[in-house]
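All residue numbers in this chain count up from 1 along the given sequence.
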Amino acid sequence: MSVSATLEDCLRNKGSHYKILHHPHTHTSIGTAEAAHIPGDRLAKTVVLEDEHGYVAAVLPSTYHLHLSELWDKTGRHLVLASEDELREMFKDCDVGALHPVCTAYGVQTYLDESLAQQPEIYFEAGDHEALIQMQTAHFLDLMDQAERARFAHRM
C-alpha cells in the first residue's frame, strides 16, 4: 500500500513537499523510529479515542505519553481508546496501528500536541507499517491546519 489514498489526496491538494522513507516492518512507533533511524521526538503518532459523541484523534510525538485528563479538560469529554475493530472500519485505507495524522480527512476532530511544532521536521506513518512521510514542520502544520493545537502529552 505505502501511502494511503486519503493521505495522498491531502498531500496533493495542499501542494505539500515531502519524501517517502521506507523502513523494515514495525509494530510500535518507538520501533519505527529506531528502524528508520530518526529521532522519536520527530515521529508523530496518532491515537484515536471515543466517547458517546464520536471519535477524536490525538497526534503527539512517539516519545510522549498522552495525558487523557488534559485532553478531557481541553475537550470537555471523557474519552477512551477506540477499539481496533472500529478503527479498521473507519480508516479502511490504513493498516491498524499505522494511521497517518490527517484524521480530519475522515471527518474526525483532531488535536495536535504543540510539542511537534518545535521540531525542525516531522515524520509520520503513511498508512502501512513500512513507509513514513518526512516533511518540514511548516509544511506539516499547513497539512494539519484543521487540527486544534493544544498541550496534552508529556515526554516519557
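When all heavy atoms are compared, the tightest approach of L49 to L68 is CD2-CD2, 3.9 Å. In this structure, G31 and T26 approach most closely via the heavy-atom pair O-CG2, 3.6 Å. Considering every non-hydrogen atom in both W72 and H78, the closest pair reads CH2-CE1, 3.1 Å. Taking both residues in full, the closest heavy atoms of A150 and K74 are given as CB-CE, 3.8 Å, listed atom of the first, atom of the second, then distance. The minimum heavy-atom distance linking D128 with S2 is given by the pair OD2-N, 2.8 Å. Considering every non-hydrogen atom in both T110 and P101, the closest pair reads CG2-O, 3.9 Å.
Rounding to the nearest 0.5 Å gives a distance of 10.5 Å between CD1 of I20 and CE of M135. The distance from atom CD1 of I38 to atom CG of L43, rounded to the nearest 0.5 Å, is 4.5 Å. Between the CD atom of E114 and the CZ atom of R149 there is a distance of 4.5 Å, given to the nearest 0.5 Å. Rounding to the nearest 0.5 angstrom, the gap separating the CG atom in D95 from the CG atom in L87 is 12.0 Å. Atom CD1 of I122 sits about 12.0 Å away from atom CG of L132, to the nearest 0.5 Å. Remark: E8 CD to H100 NE2 distance equals 10.5 Å, nearest 0.5 Å.
E148 has its side chain out of reach of L112: every pair of non-hydrogen atoms, C-beta onward, lies at least 4.5 Å apart. Residues K14 and D145 have side chains in contact (heavy-atom distance under 4.5 Å, counting atoms from C-beta outward). A heavy-atom distance below 4.5 Å is not found between the side chains of Y18 and L143. Between D51 and V80, the closest side-chain pair of non-hydrogen atoms is not below 4.5 Å. For the pair Q109 and R77, the minimum side-chain heavy-atom distance is below 4.5 Å. Side-chain contact check for T6 versus V102: every heavy-atom pair is 4.5 Å or farther apart. Contact annotation: the side chain of D142 never approaches that of H139 to less than 4.5 Å [non-hydrogen atoms, C-beta and beyond]. Counting heavy atoms from C-beta on, the side chains of M144 and L116 never come closer than 4.5 Å.
A salt bridge links R42 with E121: at least one charged nitrogen is closer than 4.0 Å to a carboxylate oxygen.
Checking S115 against D113 by side-chain atom types alone, a donor-acceptor pair falls below 3.5 Å.
Put simply, L11 and L141 are part of the same group of oily side chains (I, L, V, M, F, W, Y) that touch within less than 4.5 Å, one to the next. If you chain together hydrophobic residues whose side chains sit under 4.5 Å apart, L79 and L66 fall into the same group.
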Requested in this report: Apply side-chain contact (heavy atoms from CB on, under 4.5 Å) to the pair T75 and Y111, showing each step before the final yes or no.
Outcome: CA-CA 10 Å; T75 63; Y111 291 88; 3.4 Å; yes

Report task. Test side-chain contact (heavy atoms from CB on, under 4.5 Å) on E50 and M90 and set out the steps. Result -> CA-CA 12 Å; E50 68 176 325; M90 289 176 56; over 6 Å; no

Requested in this report: Report the C-alpha distance between E130 and H22 in whole Å, list the side-chain angles of each, state the deciding distance to 0.1 Å, and finish with yes or no for side-chain hydrogen bond (donor to acceptor under 3.5 Å, both in side chains).
Outcome: CA-CA 6 Å; E130 297 176 358; H22 296 279; over 6 Å; no

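Ring pair H129/H27 is tilted by interplanar angle, where 30° to 60° counts as tilted. Using cut-offs of 30° and 60° for the angle between ring planes, the F140 and F124 rings count as tilted. Note on ring orientation: taking the six-membered ring where Trp is involved, the planes of H154 and H67 are perpendicular (angle over 60°, cut-offs 30° and 60°).
A side-chain contact (heavy atoms from CB on, under 4.5 Å) with E125 holds for exactly one of L99, L7, I133, T32; it is T32.
In this structure a side-chain-to-backbone donor-acceptor pair under 3.5 Å is missing from T46 to V59. Looking only at distances, no side-chain donor or acceptor of S62 sits under 3.5 Å from a matching main-chain atom of K45.
Remark: aromatic rings of Y55 and Y106 are distant, center separation not under 6.0 Å.
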